[in-house]
Amino acid sequence: MAEKAMCMSTQIPDDEDIQRENNVRGLTMLGHFGFECLPHQLVNRAIQKGFSFNILCVGETGLGKSTLIDSLFNTNLKEKKSSHFNSNVELKIRTYELQESNVQLKLTVVKTVGYGDQMNKEGSYQPIVGYLDAQFESYFQEELKIQRSFVDYHDSRVHVCLYFISPTGHSLKSLDLLTLKSIDNKVNIIPLIAKADAISKNDLQKFKYKIMSELVNNDIQIYQFPTNDESTAQMNSSMNKHLPFAVVGCIDEVKVGKRMVRGRQYPWGVLQVDNENHCDFVKLRDMLLCTNTEDLKEQTHTQHYERYRCFKLQKIGFTDVGPDNQPVSFQEIYEAKRQEFYDQCQREEEELKKKFMQRVKEREIAFKEAEKELQDKFEHLKRIQHEETIKLEEEKRQLEEEMMNFYKMKAGSETLQTQGYTNIKKDKDRKK
Ligand SMILES: Nc1nc2c(ncn2[C@@H]2O[C@H](COP(=O)(O)OP(=O)(O)OP(=O)(O)O)[C@@H](O)[C@H]2O)c(=O)[nH]1
């Protein structure tokens, strides 16, 4: 019973707690205290610091990426046309400083170049994935530094990916599905039907429906405008139904009645970019730049970057809980990792030593065998040489003997010759 009572006391506040809570004084606001200005302080600081926003535009060459960005910021960001003959997909990164009233915006636009132009499109998504990961990695490295400098750090993590879908009216291409699947857990994706003026209104609705069902069937997550904030919930939930936005880009102005409007002039009329009945350009601009910019940045940090960070730390070996499901501190993990590393080094050292000894032994055996072989060869040669010497000495002896005999014979013949010569002389003398 006593144990139960103790347990309960931790969950249900006792009388003392309630009394303490009741003792918290609520101030009746009779005058001006100043903390109502806290939000203004934040606004002023943010305005002073300026804002940054990073957009990634992915889409086939000539689908209107640059024109749409120009239309969104009502400016001409002066881009050269890209070639259709790139052997690989590349990324063009540009940073612009923009200003509207007193608000400074550092805008980074990353655009694909050559996307969809290759025969083999299998690896087309890789440079995009590589870029997204590289920006996360750069932020991660900054976080890990002992002396971090986030004040002047340019956060280049991509806040939104505008994915340009070709206005075929049929379905998504396999390249679209492959790329979207590879990046949907790394960036907030807003799908757009590019050059939507190429499709009739009826076909557009069917195409939108087809795209959304294909995304669902392939389990591709796209950015959902948040509906948890009362002030924007209604608008955002109605906007979610309009996805993918059918956009038309144009910065040229044409005359409609007495007004100049941004639009595309056709023989049958003018398509006004800023007219919500003509296309979803205004919806996109409002959602992107007026209502959900901060949410896109927050999602990038809390969802996508967090996933990357978690993956990286787990890969290094860090966890929040140990095998017994108890929380483990950074220090404990570090010590355990150090010990593990030390043990591994020891093991490897032992193994290397063993291998070294084994090799030394093998070498020694090999040396001994070689030495023996050389010794045998030497003995063999010595024997041959000895036999040769004996043979030569025998030959020498025989030759010497022959020479002796020869000299003897020569001496004998010389004696005979002298005797014969003396006898002849004597005969001659006698005859005389
Ligand atoms: N009909 C139509 N044409 C458009 C639209 N947007 C852009 N264009 C035209 O399409 C052509 C290519 O537009 P860009 O904005 O250069 O296309 P991009 O995707 O940036 O092209 P690259 O940078 O070369 O990949 C230009 O002639 C634009 O005027 C659109 O919404 N509708």
Side-chain angles (χ1 to χ4, degrees), residues 54-96 107-119 121 124-125 127-128 131 158 160-169 172-173 175-176 179-180 183 189-201 203-205 207-208 211 242-254 256 261-285 287-288:
N54 306 325
I55 303 180
L56 167 68
C57 297
V58 180
E60 290 168 28
T61 310
L63 262 188
K65 300 182 287 294
S66 311
T67 312
L68 189 85
I69 294 294
D70 284 352
S71 313
L72 279 173
F73 295 96
N74 204 13
T75 180
N76 188 355
L77 298 174
K78 292 190 185 72
E79 281 282 334
K80 267 195 258 162
K81 293 266 167 289
S82 310
S83 146
H84 275 271
F85 303 104
N86 280 30
S87 52
N88 290 312
V89 175
E90 285 166 24
L91 295 174
K92 203 190 265 178
I93 305 153
R94 296 273 184 276
T95 299
Y96 309 95
L107 173 74
T108 301
V109 180
V110 183
K111 238 181 55 171
T112 53
V113 178
Y115 184 77
D117 289 336
Q118 296 75 32
M119 289 287 280
K121 300 179 177 64
S124 298
Y125 68 91
I128 303 165
Y131 180 80
V158 176
V160 66
C161 166
L162 300 179
Y163 193 90
F164 290 68
I165 299 163
S166 187
T168 57
L172 288 169
K173 299 178 183 177
L175 174 63
D176 297 327
T179 304
L180 287 168
I183 61 171
I189 299 170
I190 299 183
L192 307 176
I193 298 174
K195 296 188 174 179
D197 50 336
I199 316 181
S200 73
K201 246 186 174 171
D203 289 347
L204 195 61
Q205 278 318 311
F207 191 35
K208 275 191 178 189
I211 291 170
H242 282 96
L243 286 170
F245 289 137
V247 292
V248 175
C250 182
I251 47 165
D252 298 331
E253 293 199 331
V254 288
V256 175
V261 293
R262 278 197 302 174
R264 292 191 162 264
Q265 175 98 55
Y266 293 107
W268 54 89
V270 174
L271 190 144
Q272 296 176 32
V273 172
D274 296 298
N275 188 328
E276 283 202 53
N277 293 322
H278 291 193
C279 71
D280 297 333
F281 173 78
V282 174
K283 292 187 183 79
L284 170 71
R285 189 183 56 197
M287 289 292 97
L288 198 63

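Atoms within each ligand, like the ligands themselves, are counted from 1 in listed order.
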**OP:** Return yes when Lys92 approaches ligand 1 closer than 4.0 angstrom through a heavy atom, no otherwise.
**Re:** no

**OP:** State the atoms of ligand 1, each with its element, that fall below the 4.0 Å cut-off from a heavy-atom position in Thr61.
**Re:** 24 (O), 25 (O)

**OP:** For ligand 1, find out whether one of its N or O atoms is nearer than 3.5 Å to an N or O atom of Lys65.
**Re:** yes

Original post:
Between Thr95 and Thr108, is there a donor-acceptor pair closer than 3.5 Å when you use the side chain of the first and the backbone of the second?
Top reply: no

Original post:
Taking the non-hydrogen atoms of Gly62, is any one of them nearer than 4.0 angstrom to ligand 1?
Top reply: yes

Original post:
Considering the options Lys111, Lys173, Lys65, Lys195, which one meets the salt bridge (charged side-chain N to carboxylate O under 4.0 Å, His left out) requirement together with Glu60?
Top reply: Lys173

**OP:** Could you see which bit of Tyr266 sits under 4.0 Å from ligand 1, with heavy atoms only: side chain, backbone, both or neither?
**Re:** side chain

Subject >> For Lys111, the ligand 1 atoms whose distance to one of its heavy atoms is below 4.0 Å >> reply: 20 (O), 23 (O)

Subject >> side-chain hydrogen bond (donor to acceptor under 3.5 Å, both in side chains) partners for Lys208, two or more places apart >> reply: Asp280

Original post:
Is Val248 touching ligand 1 with its side chain, its backbone, both, or neither, if touching means heavy atoms under 4.0 Å apart?
Top reply: both

Original post:
Under 3.5 Å, N or O to N or O, is Ser66 touching ligand 1 that way?
Top reply: yes

**OP:** Number the atoms of ligand 1 from 1 as they appear, then name those within less than 4.0 Å of a heavy atom of Gly249, with their elements.
**Re:** 5 (C), 6 (N), 30 (C), 31 (O)

Original post:
What residues, two or more places apart in sequence or in another chain, satisfy salt bridge (Lys or Arg N to Asp or Glu O under 4.0 Å) together with Glu253?
Top reply: none

**OP:** For the pair Arg264 (side chain) and Gly249 (backbone), establish whether a donor and an acceptor sit closer than 3.5 Å, ignoring hydrogens and angles.
**Re:** yes

Subject >> Backbone N/O of Val109 and side chain of Lys92: donor-acceptor pair under 3.5 Å >> reply: no

**OP:** For the pair Ser71 (side chain) and Cys250 (backbone), establish whether a donor and an acceptor sit closer than 3.5 Å, ignoring hydrogens and angles.
**Re:** yes

Original post:
Which residue from Lys195, Arg264, Glu60 reaches closest to atom 28 (C) of ligand 1 through any of its heavy atoms?
Top reply: Arg264

